[in-house]
Enquirer: 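There's a structure below that I have some questions on.
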Amino acid sequence: MIRAFLRDRIPLDRNGAMMAGGVSFAHVFGTVLVFLLGIQVVTGIALAAFYSPSATDAWASVAYIQDQASLGWLVRGLHYHGGSALVIVAGIHLLQTAIAGAYKQPREIVWWLGVVLLVLLIAWSITGYWLRWDQAGYWASQVEIGIAAGTPVVGGAIRAVAIGGNEPGNLTLTRAYAMHVVALPVLVTLLTVFHIWLARRHGTTPMRVARNAVPRWPQQTLRDVIAMAIVFAVLLAVVIVTGGADLAAPADPTQAYDARPLWPVRWLFELRVLAGSAEQLVAMAAPAVVGGFLVALPLLDHGMERRPRKRKLWLGALAGLFAMIGALTVASFTRDANDPELAKRQATSEVLATRARKLAVENGVPVTGALDVFKTARFWTARTLFASRCANCHDADSKERKGPVIAPGHGDRAWLLAFLKAPSADQFWGRTKFAKAEAAMKPVELSATDLADLVEMLYAESGAEDLDIKKRDRGLNLFESACTDCHARDEGSPGAAGPSLAGLGSRSYYLSVISNPKSALHMGPANSEMPRFDRELTVVERDALAEYLVWLRTASTQDLIGLGPL
């Protein structure tokens, strides 16, 4: 019985070179699918030459392809959008086959192979999406593995095999890579060859009233070529308009992200959202119902009638199934489009992605991993240290500020002038106990000209080169006559009642202050509330902070913003 079933459905003695019912553009989809598969193979090989399948290097290699490799954005875009095109055309081909009744005896196996190939193409796209190992790909893998884990009986095994551990990581990526570039291509190729061979053996199913069979060459072949050209033109246009394919910031398991699966399974995501507490049941039942119906369709509609108007029940059920999937997909995207809070989070994520890619181009990606690309930003170490160790006492917006404000312009001429006029003002020593001390510095009462000269002398201690030498010299004379009772400016010499001003505002000066502000060279143990950091921070870290403070002297608020977020 099985032998007879297979003999009728796997004919070995028929010729599919003739087109029953004549030539038609309705018969181009299979050829277009083979053409798109060819594009995937060619572009996939090109991408594999640059790609590194490890959690440490994956994002960096994709970013290099997208932003630095010659025409890398084009190749990646063709591969990425070509995967979507494959799924779309395969879905259309499935519908066209159903309308023609080409799933009926003896073509059931051809239909089943088509259904399996559609599922494999979706899986192929999904595994490729994970390989980017950015925030979008990483968190999409979480959602998609969760959906697959809901499959009856085998769900747990699918999850264990896909993840390779407790959480997605290096094994998840390498297994996805093995599936994407080896297992799925081989499987899809073998099944496609068998599918085409079997379909040709059975011959073309006419889309209209049967006519005399005509040769495939040249009229049908010409239609195939036209269809391929149109599809490639549309694909190329999409790639050019979108600039290739998007790439989010490097995958970061510690940072929340609005995970969304790839669009072919977006309908399942929306169904799970709508299901609420029945999410697990829906995740198990929905794929089983859809897949079960497609597999059972040739067995349910088993009569010999192929005319669509005579098969309204089954075609209506199939149309309803596809309409439901389409409606759920649109609803999911619409829900996101109408969520203003999501839009804000996505905008923030986009800024982070742009920053990561910019840093990767400018500074490269550290061998320690893609997430460390943010650490290559200018003054990243110093700003991180400042935020954690200094901002609480020195940031203007801190409610617990205890010391002078340190911000862009700190130590420049305007800052020095304002300080001399009111050293105990809120932005200077006003919040410290030193402001109330008996030895607190009093406002300097000099003419505007003398104050400007004194400021120039103090500014010169920083090593700045944009000096007015004459003003500095006059300021030095003023200092010697009016300030040496409290302050020294000889290196290594402490002041009498105030700190030494030797090298004021220079890198070495800041390094010394950060290391031990309670030193006699600076505020002294009685006047300083600032902790010493030479025991908590390395000399490299303290020097990085000193360099950052020197930079702040000539920086503006916009310059600081331009460094980007931490």
Enquirer: Hey, what do you get for CZ (Arg378) to CG (Asn363), rounding to the nearest 0.5 Å?
Expert: 11.5 Å
Enquirer: Trp415 and Phe428: aromatic ring centres closer than 6.0 Å?
Expert: yes
Enquirer: Any donor and acceptor pair, going by atom type alone, linking the side chain of Thr538 with main-chain N or O of Glu541 inside 3.5 Å?
Expert: yes
Enquirer: Do the side chains of Trp551 and Asp559 get nearer than 4.5 Å, heavy atoms only?
Expert: yes
Enquirer: Tell me, yes or no, whether the heavy-atom count around Glu536 atom CD, taken from other residues, nucleotides or ligands under 6.0 Å, exceeds 12.
Expert: yes
Enquirer: Working to the nearest 0.5 Å, report the span between OG of Ser70 and CD1 of Ile65.
Expert: 12.5 Å
Enquirer: Within the distance-only criterion (no hydrogens, no angle test), does the side chain of Ser332 pair as donor or acceptor with the backbone N or O of Leu328 below 3.5 angstrom?
Expert: no
Enquirer: Salt bridge check, Arg266 against Glu270: does any charged N sit closer than 4.0 Å to a carboxylate O?
Expert: no
Enquirer: Between Leu113 and Thr192, does a side chain to side chain contact (heavy atoms under 4.5 Å, CB included) hold up when you go through it step by step?
Expert: CA-CA 8 Å; Leu113 284 172; Thr192 299; over 6 Å; no
Enquirer: Judged by atom type as modelled, is there a donor-acceptor pair below 3.5 Å linking the side chain of Arg355 to the main-chain atoms of Leu563?
Expert: yes
Enquirer: Kindly indicate whether the side chain of Thr31, heavy atoms from C-beta on, has any atom under 4.5 Å from the side chain of Met228.
Expert: yes
Enquirer: Is it true that a side-chain atom of Asn338 and a backbone atom of Thr334 form a donor plus acceptor pair closer than 3.5 Å?
Expert: yes
Enquirer: So, His93 side chain and Leu33 main chain: donor-acceptor pair closer than 3.5 Å or not?
Expert: no
Enquirer: Step by step, would you call Arg401 with Asp395 a salt bridge (charged side-chain N to carboxylate O under 4.0 Å, His left out)?
Expert: CA-CA 7 Å; Arg401 181 168 65 84; Asp395 192 292; over 6 Å; no
Enquirer: Short question: side chain of Ser398, backbone of His394 - any donor-acceptor pair under 3.5 Å?
Expert: no
Enquirer: Are any of the side-chain heavy atoms of Gln96 and His27 separated by less than 4.5 Å?
Expert: yes
Enquirer: For Tyr548, does the six-membered ring have the charged nitrogen or CZ of Arg383 within the cation-pi criterion, i.e. under 6.0 angstrom from the centroid and within 45° of the normal?
Expert: no
Enquirer: With a 4.5 Å cut-off on side-chain heavy atoms, are Val62 and Leu247 touching?
Expert: yes
Enquirer: To the nearest 0.5 angstrom, please state how far the CD1 atom of Ile92 sits from the CZ atom of Phe29.
Expert: 5.5 Å
Enquirer: So, Trp111 versus Thr97: side-chain donor-acceptor pair below 3.5 Å or not?
Expert: no
Enquirer: What is the minimum heavy-atom distance between Ala136 and Tyr129, and which atoms define it?
Expert: CB-OH, 3.5 Å
Enquirer: Would Ile406 and Leu552 count as a side chain to side chain contact (heavy atoms under 4.5 Å, CB included) here? Give the steps.
Expert: CA-CA 8 Å; Ile406 297 179; Leu552 280 176; 3.8 Å; yes
Enquirer: Hey, is Arg553 close enough to Asp412 for a salt bridge, meaning N to O under 4.0 Å?
Expert: no
Enquirer: Would you give the length of the straight line joining atom CD1 of Ile122 to atom CG of Leu86, rounded to the nearest 0.5 angstrom?
Expert: 11.0 Å
Enquirer: Arg431 vs Asp426, test: side chain to side chain contact (heavy atoms under 4.5 Å, CB included). Steps then yes/no.
Expert: CA-CA 6 Å; Arg431 298 195 184 188; Asp426 181 75; 2.8 Å; yes
Enquirer: Could you check if a side-chain atom of Val231 sits within less than 4.5 angstrom of a side-chain atom of Leu36, using non-hydrogen atoms only?
Expert: yes
Enquirer: Could you check whether Tyr138 and Trp133 have their ring centres less than 6.0 Å apart?
Expert: yes
Enquirer: Taking side chain as C-beta onward, heavy atoms only, is Val42 less than 4.5 Å from Val75?
Expert: no
Enquirer: Do you know the tightest heavy-atom contact between Ala248 and Trp59?
Expert: O-NE1, 2.8 Å
Enquirer: Quick test of your reading of the model: are Arg413 and Asp466 salt-bridged, counting only N-O distances below 4.0 Å?
Expert: yes
Enquirer: How close do Ala546 and Leu511 get, heavy atom to heavy atom, and via which atoms?
Expert: CB-N, 3.7 Å
Enquirer: Quick check: does any side chain N or O of Tyr51 sit under 3.5 Å from a backbone N or O of Leu131, one acting as donor and the other as acceptor?
Expert: yes
Enquirer: Is a side-chain N or O of Arg311 found less than 3.5 angstrom from the main chain of Gly316, in a donor-acceptor match?
Expert: no
Enquirer: How long is the straight-line distance from CG of Leu549 back to CD1 of Ile514, given to the nearest 0.5 Å?
Expert: 5.0 Å
Enquirer: Within a reach of under 6.0 Å around CZ of Arg260, are more than 12 heavy atoms found that belong to other residues, nucleotides or ligands?
Expert: yes
Enquirer: Hey, mind stepping through Trp380 and Thr376 against side chain to side chain contact (heavy atoms under 4.5 Å, CB included) and telling me if it holds?
Expert: CA-CA 7 Å; Trp380 186 89; Thr376 67; over 6 Å; no
Enquirer: State whether a side-chain donor-acceptor pair under 3.5 Å links Gln135 with Trp139.
Expert: yes
Enquirer: Tell me yes or no: between the side chains of Gln40 and Trp124, is some donor less than 3.5 Å from an acceptor?
Expert: no
Enquirer: Would you say that Phe386 contacts Leu545 through its side chain, given a criterion of any heavy-atom pair below 4.5 Å between the two side chains?
Expert: yes
Enquirer: State, to 0.1 Å, how close Gly411 and Leu416 come at their nearest heavy-atom pair, and which atoms those are.
Expert: O-CD1, 3.8 Å
Enquirer: Could you pull out the closest heavy-atom pair between Leu315 and Ala98, with the gap in Å?
Expert: CD2-O, 3.5 Å
Enquirer: Could you check whether Arg132 pairs with Asp246 (Lys NZ or Arg NE/NH1/NH2 to Asp/Glu carboxylate O, under 4.0 Å)?
Expert: yes
Enquirer: Taking the side chain as everything from C-beta on, heavy atoms only, tell me whether Ser349 gets closer than 4.5 Å to Leu352.
Expert: no
Enquirer: Can you see which heavy atom on Gly82 is nearest to which on Leu235, and at what distance?
Expert: N-CD1, 3.7 Å
Enquirer: Rounded at 0.5 Å granularity, tell me how far CD in Gln255 sits from CG in Leu371.
Expert: 9.0 Å
Enquirer: Does a salt bridge link Arg357 with Asp134, judged by any charged N lying under 4.0 Å from a carboxylate O?
Expert: no
Enquirer: More than 12 heavy atoms of other residues, nucleotides or ligands under 6.0 Å from CZ of Phe50: is that the case?
Expert: no
Enquirer: With distance as the sole test, does Trp112 use its side chain to make a donor-acceptor pair with the main-chain N or O of Val295 at under 3.5 Å?
Expert: yes
Enquirer: Give a yes or no on whether the backbone of Ala259 and the side-chain of Gln142 come within a donor-acceptor separation of less than 3.5 Å.
Expert: no
Enquirer: Just by distance, with hydrogens left out, do Thr368 and Asp372 show a side-chain donor and acceptor under 3.5 Å apart?
Expert: yes
